[in-house]
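Reminder, nothing fancy here: chain letters follow the sequence lines and each chain counts from 1. What's counted below: heavy atoms across the whole structure, side chains too, no hydrogens, waters or symmetry copies. The model shown is predicted, which means the values in this text are computed figures rather than measured ones.
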2 protein chains.
Amino acid sequence: MTNTTNADEQQACGLTAALNVISGKWKPTIIWHLHAQPLRFGELRRRLPGISEKILSEQLKELQLSGIVRREEFDEARLRVEYSLTPPGALLNRAVHALAEWGSAYGNPPAPNVMCQR
Amino acid sequence: MTNTTNADEQQACGLTAALNVISGKWKPTIIWHLHAQPLRFGELRRRLPGISEKILSEQLKELQLSGIVRREEFDEARLRVEYSLTPPGALLNRAVHALAEWGSAYGNPPAPNVMCQR
DNA sequence: TCAATTACTTACGTCTTCGTAAGTGCGCGA
DNA sequence: TCGCGCACTTACGAAGACGTAAGTAATTGA
């Protein structure tokens with residue numbers, strides 16, 4: 001057996017579980033952008049400059065499978081889809097937020113101007 | 001190397017800064033394992049079942065460049081190297097811990113009887 | 001009727017990341 | 001002095017994550 005404690009291993013286990021969920025170039029940012037209000041597919045795409053529709057679609061689908069994001073179709077004349085965080089997703093967002101706060105304090109961006117608060 | 005547009009830089013906030021630092025299959029786990037005490041190269045390798053020496057070496061080097069991990073050589077007769085978290089690294093570890101806690105509460109392992117790690 | 005928007009999907013290619021296997025130089029114990 | 005452990009490095013290759021470009025189906029405004 002290893003010399004780490006059971007509690008430690010359970011924690012490490014949780015880490016890998018969380019990492020599986022947020023693994024993907026855009027997933028943490030998607031979660032971040034959904035923290036305030038639901039967004040439509042196109043709105044998300046516009047908020048993630050550089051993402052392609054294919055990747056956005058893929059990562060949203062995976063986030064749904066992980067139970068982080070909820071997809072809702074609104075039955076209007078014109079197709080309307082909204083993506084929002086589930087309750088677990090909202091909690092995950094708190095952890096993502098902790099990362100973001102660390103990053104704005106200690107990460108080294110090219111310039112210290114804050115562009116994406118809130 | 002082909003640089004992407006600077007529209008991406010609009011997103012350059014704390015989150016992406018933090019994600020840059022922890023991007024790497026083993027980095028969050030490395031940080032997590034250094035939370036308690038400094039570890040030697042070989043100790044780390046044994047605690048990360050499945051990692052290769054090449055990858056461990058690479059990711060440690062990148063973590064040093066990010067200012068997360070400190071490498072110390074002890075000038076004993078026999079070569080001895082210890083890796084530990086810097087103060088910013090220790091703070092990053094708190095955010096990583098938040099992820100781990102979320103994971104052990106809400107993360108969904110593929111199968112209920114799958115042992116984590118290894 | 002034409003063009004545009006929304007919400008995607010599909011095919012294809014590239015590029016990064018990761019892993020495997022082997023090699024290096026040093027000191028130490030047997 | 002032989003081999004082993006430590007702390008790495010190097011070369012090579014495979015996998016898959018990501019991006020580009022185009023296509024689809026429905027609807028609506030011009």
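- For Ser23(A), the side chain to side chain contact (heavy atoms under 4.5 Å, CB included) test picks out no residue, with sequence neighbours left out.
- Contacts of Arg46(A) classified as salt bridge (Lys or Arg N to Asp or Glu O under 4.0 Å), with partners at least two apart in sequence or in another chain: none.
- Evaluation of the side chain to side chain contact (heavy atoms under 4.5 Å, CB included) rule for Lys25(B) yields no partner, not counting sequence neighbours.
- Residue pairs meeting the ring pair (Phe, Tyr, Trp, His ring centres under 6.0 Å) criterion with at least one partner in residues 62-101 of chain A, sequence neighbours excluded, are Trp32(A)-His97(A).
- Put simply, CZ on Phe41(A) is 16 Å from C1' on dA26(D), counting in whole angstrom units.
- Here dC18(C) presents its P atom at 10 Å from CH2 of Trp26(B), a figure rounded to the nearest Å.
- Distance CG (Asp75(A)) to P (dA7(C)): 14 Å, rounded to an integer number of Å.
- Summary of the strand contacts: Glu73(B) and Ser52(A) both lie near DNA chain D, and taking for each the nucleotide with the nearest heavy atom, the more 5' one is attributed to Glu73(B).
- Between the P atom of dA7(C) and the CZ atom of Arg45(A) lies a distance of 9 Å, rounded to the nearest Å.
- Sorted by residue number, the members of residues 76-85 of chain B with any non-hydrogen atom under 4.0 Å from DNA chain C read Ala77(B), Arg78(B).
- Shown for residues 54-66 of chain A: residues whose heavy atoms fall under 4.0 angstrom of DNA chain C, namely Lys54(A), Ser57(A), Lys61(A).
- Ion pairing of Arg45(A) with Glu43(A) is absent here, as no side-chain N (NZ or NE/NH1/NH2) approaches a carboxylate O to less than 4.0 Å.
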Anything under 3.5 Å between a donor and an acceptor, one on a side chain of residues 61-68 of chain B, the other on a protein residue two or more places apart or in another chain? List them.
from, atom 1, to, atom 2, distance (Å)
Glu62(B), OE1, Lys27(B), NZ, 2.6
Gln64(B), NE2, Leu60(B), O, 3.3
Ser66(B), OG, Glu62(B), O, 3.0

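- Checking side-chain atoms of Glu58(A) against main-chain N and O of Ile55(A) turns up no donor-acceptor pair under 3.5 Å.
- Following rounding to the nearest Å, Ile51(A) (CD1) and dA7(C) (P) show an atom-to-atom distance of 15 Å.
- dT5(C) atom P lies 15 Å from atom CD of Glu43(A), rounded to whole Å.
- Glu72(B) meets the salt bridge (Lys or Arg N to Asp or Glu O under 4.0 Å) test with no other residue; sequence neighbours excluded.
- Looking at heavy-atom distances under 4.0 Å, Arg71(B) makes contact with sugar-phosphate atoms alone, never a base.
- Remark: C1' of dT27(D) and CZ of Arg40(A) are 12 Å apart, rounded to the nearest angstrom.
- Between the CD atom of Glu72(A) and the C1' atom of dA7(C) there is a distance of 16 Å, given to the nearest Å.
- Judged as a side chain to side chain contact (heavy atoms under 4.5 Å, CB included), and not counting sequence neighbours, the contacts of Leu91(A) are Arg94(A), Trp102(B), Tyr106(B).
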